[in-house]
2 protein chains.
Amino acid sequence: MQNDRSRESLLFLTDEQLRQGIEGMFFAYRGFTADPDRILEKYNYGRAHHRALHFINRVPGTNVNNLLCILGVTKQSLNRVLRTLIENELVSLKIGTKDRRERHLYLTDSGKSLEKQLSNAQSHRMREAYRQAGPDAVAGFKQVLEAMMDPKLQVTYKKLRVS
Amino acid sequence: MQNDRSRESLLFLTDEQLRQGIEGMFFAYRGFTADPDRILEKYNYGRAHHRALHFINRVPGTNVNNLLCILGVTKQSLNRVLRTLIENELVSLKIGTKDRRERHLYLTDSGKSLEKQLSNAQSHRMREAYRQAGPDAVAGFKQVLEAMMDPKLQVTYKKLRVS
DNA sequence: TTGGAATGTCAACAAGACTGACGTAAAATA
DNA sequence: TATTTTACGTCAGTCTTGTTGACATTCCAA
């Protein structure tokens with residue numbers, strides 16, 4: 001098994017390479033959330049609110065259960081966040097016509113406005129990073145991210161892409 | 001400014017591309033932490049403990065202040081985590097000889113053992129993702145991650161690399 | 001030598017995750 | 001039709017991990 005291919009592969013996947021990836025993810029995630037966090041603070045919201053706003057905007061009319069699957073939290077946890085967003089009229093709730101047990105979630109105009117503000121901040125940093133790294137790097141970036149997800153989340157991620 | 005280069009660039013950085021990057025980071029980070037989390041649960045530790053173990057292993061003999069800068073939390077928050085790690089003899093503490101205010105941190109043998117267990121789990125997933133995506137993708141992945149960090153963290157990240 | 005800066009500790013609190021139990025309404029099914 | 005299942009909400013309690021504020025110790029420089 002000591003042919004060129006396996007040696008190259010061993011050389012490539014050194015502990016140092018893996019460690020850099022791990023630390024890279026850790027530090028980059030901090031940058032990734034830093035800008036939205038600053039905005040959220042002004043409104044007394046947290047990251048949990050941001051995530052809910054993001055995916056309600058992404059999948060308008062989604063029901064609670066679907067959102068639960070995407071976010072990967074318990075309904076109690078989501079409910080707390082959702083309640084304040086509805087109270088503050090950033091999210092509106094419509095009872096399902098076909099299945100009246102379901103609550104369909106939508107962003108109100110002020111909800112859309114805050115979501116836009118947050119996603120603009122986050123996109124701005126992402127755009128800068130993409131620009132610095134270049135198109136090929138971005139393609140690789142996405143490939144590795146996708147391969148790092150749990151299989152179920154990979155499916156969820158792809159579904160969001162096509163829907 | 002409507003030359004080929006700028007048009008290509010506009011085409012490349014669509015909102016959809018940026019959104020995919022944002023959601024990719026969100027879902028991938030979940031995968032990134034999933035395996036260590038499962039191990040930590042067995043020992044009644046959390047992610048904060050993992051992070052401390054990782055960087056004490058990475059920079060043996062570091063003082064609390066330096067660790068604070070790397071982790072980006074308050075000293076009170078780190079202290080709680082550090083206290084339990086010291087109580088459970090995963091981390092040992094040595095008062096500085098030159099400056100007796102400083103506490104230098106080291107992993108004990110059991111600390112090294114747990115850290116190894118955690119980093120093995122995390123590296124395993126990272127290795128698989130790297131293998132699936134290929135060397136070029138990995139290079140791009142790292143470039144984008146680095147460009148996404150806050151400038152200060154970028155410096156910290158690079159320092160860890162060379163030290 | 002004394003006062004400020006740096007380092008670290010203790011106490012209290014808040015956000016946001018979790019589990020478990022329970023209630024209600026609606027849909028599905030036996 | 002009666003029963004079970006599903007979707008959603010809520011209350012209570014706990015845990016982790018972040019925060020501030022107050023305080024102790026140590027070093028250094030005016």
Side-chain angles (χ1 to χ4, degrees), chain A residues 26 29-30 33-34 36-56 61-88 91-106, chain B residues 26 29-30 33-34 36-56 61-88 91-105 118:
Chain A
F26 174 61
Y29 202 80
R30 291 246 292 276
T33 55
D37 281 355
R38 267 189 289 273
I39 296 167
L40 290 159
E41 206 181 3
K42 292 193 290 184
Y43 297 91
N44 276 312
Y45 292 130
R47 263 181 223 176
H49 301 88
H50 182 193
R51 291 194 284 263
L53 289 174
H54 176 99
F55 286 108
I56 294 172
T62 182
N63 61 24
V64 176
N65 229 358
N66 183 43
L67 199 52
L68 242 36
C69 294
I70 293 173
L71 295 174
V73 295
T74 57
K75 61 176 177 179
Q76 292 90 334
S77 197
L78 175 57
N79 199 255
R80 191 190 322 111
V81 167
L82 232 37
R83 204 186 316 164
T84 72
L85 291 176
I86 291 167
E87 272 170 16
N88 299 352
V91 168
S92 72
L93 189 147
K94 212 167 71 182
I95 290 179
T97 46
K98 196 183 158 197
D99 186 336
R100 289 168 43 78
R101 289 173 303 182
E102 289 184 350
R103 271 75 168 165
H104 298 282
L105 303 168
Y106 299 89
Chain B
F26 174 60
Y29 201 79
R30 292 247 290 277
T33 54
D37 281 355
R38 268 189 288 275
I39 295 167
L40 289 159
E41 207 182 2
K42 292 192 291 183
Y43 297 91
N44 278 312
Y45 292 130
R47 264 180 222 177
H49 300 88
H50 181 191
R51 291 195 283 263
L53 289 173
H54 176 98
F55 285 107
I56 294 172
T62 182
N63 60 23
V64 175
N65 222 5
N66 183 44
L67 200 51
L68 242 38
C69 295
I70 294 173
L71 295 173
V73 295
T74 56
K75 59 181 176 174
Q76 294 87 334
S77 193
L78 174 58
N79 197 256
R80 192 188 320 109
V81 167
L82 233 37
R83 204 186 318 162
T84 72
L85 291 175
I86 291 167
E87 271 171 17
N88 299 352
V91 168
S92 71
L93 188 147
K94 215 168 68 182
I95 291 179
T97 46
K98 197 182 156 195
D99 187 335
R100 290 168 44 78
R101 290 172 302 181
E102 290 183 349
R103 270 75 171 160
H104 298 280
L105 303 167
L118 292 166

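- A heavy atom closer than 4.0 Å to some atom of DNA chain C occurs in G72(A), V73(A), T74(A), Q76(A), S77(A), these being the qualifying members of residues 64-77 of chain A.
- N63(A) has its CG atom 14 Å from the C1' atom of dG9(D), to the nearest Å.
- Looking at heavy-atom distances under 4.0 Å, R47(B) makes contact with sugar-phosphate atoms alone, never a base.
- The phosphate of dA17(C) (OP1 or OP2) has a side-chain N or O of R51(A) nearer than 4.0 angstrom.
- The closest donor-acceptor contact from the side chain of S77(B) to the backbone of T74(B) lies at 3.5 Å or more, if one exists at all.
- For the pair H49(B) and dT17(D), the criterion of a side-chain N or O lying under 4.0 Å from OP1 or OP2 is met.
- In this structure, R83(B) reaches the dC10(C) phosphate: one of its side-chain N or O atoms is under 4.0 Å from OP1 or OP2.
- If you check residues 93-106 of chain A against DNA chain D, the residues with a heavy atom closer than 4.0 Å are L93(A), R101(A), E102(A), R103(A), listed by number.
- Remark: I95(A) CD1 to R101(A) CZ distance equals 13.0 Å, nearest 0.5 Å.
- One donor-acceptor pair, N or O on each side, does fall under 3.5 Å between the base of dA17(C) and the side chain of R80(A).
- Side-chain proximity of N79(A) to dC11(D), dG9(D), dC18(C): nearest is dG9(D).
- For the pair E41(B) CD and dT19(C) P, the computed distance is 9 Å after rounding to whole Å.
- The shortest distance between side-chain heavy atoms of L93(A) and H104(A) does not fall below 4.5 Å.
- Remark: C1' of dT17(D) and CG of L40(B) are 13 Å apart, rounded to the nearest angstrom.
- Going from atom CG of L85(A) over to atom P of dG16(C) covers 10 Å, rounded to whole Å.
- For the pair D37(B) CG and dC15(D) C1', the computed distance is 14 Å after rounding to whole Å.
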Show the atom names and distances, to 0.1 Å, of all donor-acceptor pairs under 3.5 Å that link a side chain in residues 63-71 of chain A to residues at least two apart or in another chain.
residue: N63(A); atom: OD1; partner: N65(A); partner atom: N; Å: 3.4
residue: N63(A); atom: OD1; partner: N66(A); partner atom: N; Å: 2.9
residue: N63(A); atom: ND2; partner: E102(A); partner atom: OE2; Å: 3.3
residue: N66(A); atom: ND2; partner: T62(A); partner atom: OG1; Å: 2.9

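- We find that CD of E87(A) is positioned 9 Å from P of dT10(D), with the value rounded to whole Å.
- Put simply, the side chain of Y45(B) reaches to within 4.5 Å of the side chain of N88(B), judged on heavy atoms.
- A side-chain contact (heavy atoms from CB on, under 4.5 Å) with R51(A) is found for exactly one of H54(A), H49(A), R47(A), namely R47(A).
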Verify side chain to side chain contact (heavy atoms under 4.5 Å, CB included) between L105(B) and L85(B), making sure each step is shown before the conclusion. CA-CA 11 Å; L105(B) 303 167; L85(B) 291 175; over 6 Å; no
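- Figure legend: R30(B) and F26(B) shown as a cation-pi pair, the cationic atom lying under 6.0 angstrom from the six-membered ring centre and within 45 degrees of its axis.
- Looking only at side-chain heavy atoms (C-beta outward), V73(B) and V81(B) stay at 4.5 Å or farther from each other.
- Atom pair I86(A):CD1 and dG9(D):P shows a separation of 7 Å (rounding to whole Å applied).
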